[in-house]
Undergrad: 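Mind having a look at this structure? Questions to follow.
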Amino acid sequence: FFFQAEDGIRDFCLSRGLGDVYKRQVHGVTALLESVGGIFNVFIVVIIVWMMFAILGINLLQGKMGYCNIPDRYLINRDDCLAKGYEWWTYSWNFDNIGNGMVTLFVIATLEGWPDIMFTTFDSNDEIYGPTRDNSTEMGYFFMIFIFIGSYFLLNLFIGVLSYEYTKAQENERGYLT
């Protein structure tokens, strides 16, 4: 008899706990559905800010992220590289056009691999000179400003929209219960 009563109490406690989990899930789904408009507005702001940074990156780095496909790629320009029978390549993350710039900014904003891109831009130089080690260290400011604005600030804006809608969904639920 004692074990049967204990099982019933355990089942009651589990169902009560699952009810709380279910309510939180409903709030979360409701918040996501109601925040679609706000998320879309944040997405538009992100695209506009990233486009401004991509245009700035194009102005600063267009055509400057090329290199010769030899082991020591420094201090060899494009003409010498081609004359010696090698190929002149461009890094896959570059600012040669708006599409490549936006993709590069996306990689930087995810904070995965951005130091490699930053150090590559430090070595950027005109094609007539080829890459030169630490030629453009001032590009570090571009990366710091973009990571602060394009990554942290805009991510917090997105999270703020979700948090606001979640809180609003909880208040609406409390209003229906009273």
Undergrad: Parallel under 30°, tilted from 30 to 60°, perpendicular over 60°: which one fits the rings of F119 and F122?
TA: perpendicular

Undergrad: CD1 of I108 to CZ of F106: how many Å apart, nearest 0.5 Å?
TA: 12.0 Å

Undergrad: If you measure from OG on S136 to CG on L60, what distance do you get to the nearest 0.5 Å?
TA: 9.0 Å

Undergrad: Excluding sequence neighbours, so at least two apart, what forms side-chain hydrogen bond (donor to acceptor under 3.5 Å, both in side chains) with Y74?
TA: D123

Undergrad: So which atom in Y86 and which in C68 form the shortest heavy-atom distance, rounded to 0.1 Å?
TA: CB-SG, 3.5 Å

Undergrad: Below 4.5 Å, heavy atoms only, C-beta onward: do L154 and V42 meet side chain to side chain?
TA: no

Undergrad: Should L155 and M52 be regarded as members of a common hydrophobic cluster, given that ILVMFWY residues are connected when their side-chain heavy atoms come within less than 4.5 Å of each other, either directly or indirectly?
TA: yes

Undergrad: Applying side chain to side chain contact (heavy atoms under 4.5 Å, CB included), name anything that partners Y129, two or more places apart in sequence or on another chain.
TA: N125, D126

Undergrad: At what distance, to the nearest 0.5 angstrom, does CE of M118 lie from OG1 of T137?
TA: 10.5 Å

Undergrad: Kindly indicate whether the side chain of I47, heavy atoms from C-beta on, has any atom under 4.5 Å from the side chain of M102.
TA: yes

Undergrad: Indicate the atoms forming the closest heavy-atom contact of F95 with A54, along with that distance.
TA: CD2-O, 4.2 Å

Undergrad: Could you check F146 against L56 for side-chain contact (heavy atoms from CB on, under 4.5 Å), going step by step and ending with a plain yes or no?
TA: CA-CA 11 Å; F146 177 74; L56 179 61; over 6 Å; no

Undergrad: Test I128 against N77 for side-chain contact (heavy atoms from CB on, under 4.5 Å), laying out the working first.
TA: CA-CA 5 Å; I128 57 173; N77 62 23; 5.6 Å; no

Undergrad: Please tell me whether Y152 and I39 are part of a single hydrophobic cluster in this structure, the criterion being side-chain heavy atoms less than 4.5 Å apart.
TA: yes

Undergrad: Measure the spacing between CZ of F53 and CD1 of I147 and express it to the nearest 0.5 Å.
TA: 10.5 Å

Undergrad: Let me confirm one number: the CZ-CD distance from R78 to E87, rounded to the nearest 0.5 Å.
TA: 11.5 Å

Undergrad: In sequence, state the C-alpha distance, the side-chain angles, and the governing distance for K84 and I76, and then conclude on side-chain contact (heavy atoms from CB on, under 4.5 Å).
TA: CA-CA 10 Å; K84 292 179 181 181; I76 185 167; 4.2 Å; yes

Undergrad: Is the gap between the ring centers of Y91 and Y67 under 6.0 Å?
TA: yes

Undergrad: Would you call V45 and N41 a side-chain contact if the rule is heavy atoms closer than 4.5 Å?
TA: no

Undergrad: Does one hydrophobic cluster hold both V49 and I98, with members joined at side-chain heavy-atom distances below 4.5 Å?
TA: yes

Undergrad: I'd like to check S151 versus L111 (side-chain heavy atoms, cut-off strictly below 4.5 Å). Are they in contact?
TA: yes

Undergrad: Would you indicate whether the side-chain heavy atoms of W93 and V103 approach each other to under 4.5 Å?
TA: yes

Undergrad: Spell out, as yes or no, whether a donor-acceptor pair under 3.5 Å connects the side chain of T110 to the backbone of V107.
TA: yes

Undergrad: Less than 4.5 Å apart, side chain to side chain, heavy atoms only: is that true for F43 and F158?
TA: no

Undergrad: Apply side-chain contact (heavy atoms from CB on, under 4.5 Å) to the pair Q62 and N94, showing each step before the final yes or no.
TA: CA-CA 8 Å; Q62 186 176 26; N94 61 61; over 6 Å; no

Undergrad: So, the side chain of N100 versus the backbone of D96: is there a donor-acceptor pair under 3.5 Å, distance only?
TA: no

Undergrad: Report yes if the side chains of L157 and V46 come closer than 4.5 Å at any heavy-atom pair, otherwise no.
TA: no

Undergrad: Any side-chain heavy-atom pair from T121 and F143 closer than 4.5 angstrom?
TA: yes

Undergrad: Please report the closest heavy-atom contact between G130 and W88, naming both atoms and the distance.
TA: CA-CH2, 3.9 Å

Undergrad: Looking at G150, is its backbone amide N or carbonyl O close enough to the side chain of W50 to form a donor-acceptor pair, meaning the two atoms are under 3.5 Å apart?
TA: yes

Undergrad: Among residues at least two apart in sequence or on other chains, which ones pass side-chain hydrogen bond (donor to acceptor under 3.5 Å, both in side chains) with E138?
TA: none

Undergrad: If you take all heavy atoms of S124 and L61, which pair is closest and at what distance?
TA: OG-CD2, 3.3 Å

Undergrad: Give a yes or no answer on whether the side chain of S163 reaches the backbone of I159 with a donor-acceptor pair at less than 3.5 Å.
TA: no

